[in-house]
Amino acid sequence: MIEQLNLSEGPLALLTPVFGLLASTLVLMVAVIALRALSWRFIRRNVKAAELRRKWLVQSRNGLVLLFLLGLVIIWGEELRTLALSIVAIAVAFVVATKELILCITGSIVKTASSSFDIGDRIQIKDYRGDVIDHNLLATTLLEVGPGKITQQRTGRLAIIPNALFVSDAVINETPTRRYMFHVISVPFKRDHDWRTAQDILLAAAQAQCKPYMEDARRYLLGFSHQRGLDAPSLEARVLLQLPSADEIHLVARLPVPTARQSAIEQAILKEVMSRDYTRKSVEAVS
């Protein structure tokens with residue numbers, strides 16, 4: 001019987017503080033209403049000017065509302081603090097559980113706001129490189145290009161990358177001009193090879209490949225530069241030298257190419273250049 005009595009009194013013991021708070025709230029409400037009635041009666045009897053009376057009535061009403069809210073905070077302060085802590089704990093748990101999802105959505109907003117790329121552009125982010133074929137709120141789909149950073153062939157694989165990467169990593173857009181772009185071809189040689197002859201052949205091959213579309217590329221790229229407020233670039237094919245080490249020379253050709261044909265043009269130039277033998281011995285034998 002004692003155990004049954006304790007169990008039956010448990011819920012009542014839990015509800016007792018709530019009843020006390022409700023009773024205090026009711027007393028506060030009655031007190032505020034009574035103060036309002038008294039203050040309004042006093043103002044109407046003692047303030048004769050209509051404009052001043054209206055002003056005091058409004059101010060008394062607002063003061064009583066603030067007093068009522070302050071009383072509610074004092075009465076329910078502990079419960080409000082507990083509720084706030086519970087809400088904060090739930091919010092923190094929600095953010096931790098959905099961190100990656102929030103980052104993906106944020107990355108999608110950053111990507112859209114910055115207009116960093118569009119469908120069909122060739123981009124690189126971290127170790128992922130390829131042509132953009134689809135993107136949505138959570139992920140971006142690339143048709144992979146590789147292997148490596150200088151290869152222009154598609155591998156046939158799809159790379160689906162989360163948009164969260166766009167928040168923390170830089171995006172390289174390799175085709176910002178869409179129709180035409182500047183392409184770089186690097187050909188390494190030893191210092192004792194006949195690299196001067198190779199330089200002439202590389203330049204001649206690049207100029208021959210550029211000749212059919214040079215005027216159209218000139219108009220397009222100059223228009224693009226003018227539209228973006230950039231200095232007009234030199235459009236002629238050129239070959240520069242690089243010295244990565246003491247015994248190597250790299251011939252670096254830069255030329256404008258149609259975006260859709262950069263791989264084919266690169267292969268045609270390389271075949272033309274590498275069809276010769278540039279060793280000193282073979283040159284001396286020919287001479």
Under a 3.5 Å distance rule, please check whether [X] uses its side chain to pair with a backbone N or O of [Y] as donor and acceptor.
X: Asn173; Y: Ser116; result: yes
X: Ser275; Y: Glu272; result: yes
X: Tyr278; Y: Phe189; result: no
X: Tyr213; Y: Pro256; result: yes
X: Ser108; Y: Cys104; result: no
X: Asp121; Y: Ile123; result: no

- For side chain to side chain contact (heavy atoms under 4.5 Å, CB included), just list the numbers for Ile102 and Thr106, CA-CA rounded to whole Å, side-chain angles, deciding distance to a tenth of an Å, and then say yes or no. CA-CA 6 Å; Ile102 293 173; Thr106 304; 4.1 Å; yes
Is [Y] close to [X] at the side-chain level, that is, under 4.5 Å between some pair of heavy atoms?
X: Ile125; Y: Ile161; value: yes
X: His135; Y: Ile119; value: yes
X: Arg45; Y: Arg41; value: yes
X: Lys111; Y: Val171; value: no
X: Thr141; Y: Val132; value: no
X: Leu28; Y: Ile75; value: yes
X: Arg122; Y: Val145; value: yes
X: Phe68; Y: Leu64; value: no

Look at the side-chain heavy atoms of Ile, Leu, Val, Met, Phe, Trp and Tyr, link any pair under 4.5 Å apart, and say whether [X] and [Y] land in one connected group.
X: Leu22; Y: Met29; answer: yes
X: Leu251; Y: Leu243; answer: yes
X: Met181; Y: Ile269; answer: yes
X: Leu203; Y: Phe182; answer: yes
X: Ile172; Y: Leu143; answer: no

Return the [atom1] to [atom2] distance between [X] and [Y], rounded to the nearest 0.5 Å.
X: Arg261; Y: Glu266; atom1: CZ; atom2: CD; value: 12.5 Å
X: Leu72; Y: Ser24; atom1: CG; atom2: OG; value: 10.5 Å
X: Leu69; Y: Ile74; atom1: CG; atom2: CD1; value: 11.0 Å
X: Met214; Y: Glu236; atom1: CE; atom2: CD; value: 5.0 Å
X: Ser39; Y: Arg44; atom1: OG; atom2: CZ; value: 9.0 Å
X: Asp127; Y: Asp169; atom1: CG; atom2: CG; value: 9.5 Å

- Locate the shortest heavy-atom distance separating Ala139 from Ile160; write the atom from each residue and the value.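 The pair with the smallest heavy-atom distance is CB-CG2, 3.9 Å.
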- Item | Exercise: identify the closest heavy-atom pair between Ala208 and Pro212 |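 Minimum heavy-atom separation between Ala208 and Pro212: O-CD, 3.6 Å.
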- Does Trp40 CH2 have over 12 foreign heavy atoms under 6.0 Å away?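 Enclosed: over 12 neighbouring heavy atoms sit under 6.0 Å from CH2 of Trp40.
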- Query: Is there any salt bridge (Lys or Arg N to Asp or Glu O under 4.0 Å) pair reaching into residues 81-101, and which pairs are they, with sequence neighbours excluded?
  - Reply: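 Sorted pair list: Glu78-Arg81.
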- Can you name the residues that form a side-chain contact (heavy atoms from CB on, under 4.5 Å) with Leu222, not counting sequence neighbours?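 For Leu222 the side-chain contact (heavy atoms from CB on, under 4.5 Å) partners, ignoring immediate neighbours, are Arg218, Ala232, Pro233, Leu235.
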- Query: Yes or no on side chain to side chain contact (heavy atoms under 4.5 Å, CB included) for Ile249 and Gln242, after CA distance, side-chain angles and deciding distance?
  - Reply: CA-CA 6 Å; Ile249 291 180; Gln242 286 185 351; over 6 Å; no
- Do Phe117 and Phe166 make the cut of ring centroids closer than 6.0 angstrom?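 Between Phe166 and Phe117, which both carry aromatic rings, the centre distance is below 6.0 Å.
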- Distance under 6.0 Å and angle within 45° of ring axis: Arg191 vs Trp195: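 Verdict for Trp195: no cation-pi partner in Arg191.
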- Query: Any side-chain donor paired with an acceptor under 3.5 Å for Asp194 and Thr197?
  - Reply: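 Yes, side-chain donor-acceptor contact under 3.5 Å.
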- Test item: side-chain donor near acceptor, Thr140 and Asn163, under 3.5 Å: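 Yes, side-chain donor-acceptor contact under 3.5 Å.
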- Item | Arg254 vs Val239, side chain to side chain contact (heavy atoms under 4.5 Å, CB included): CA-CA, chis, key distance, verdict | CA-CA 6 Å; Arg254 194 211 68 163; Val239 177; over 6 Å; no
- Query: Just one of Val257, Leu255, Ile265 clears the side-chain contact (heavy atoms from CB on, under 4.5 Å) bar with Cys210, so which one?
  - Reply: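 Output: one option passes, namely Leu255.
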- Query: For Ile185 and Val273, what are the C-alpha separation, side-chain angles and deciding distance, and is it a side chain to side chain contact (heavy atoms under 4.5 Å, CB included)?
  - Reply: CA-CA 11 Å; Ile185 303 173; Val273 174; over 6 Å; no
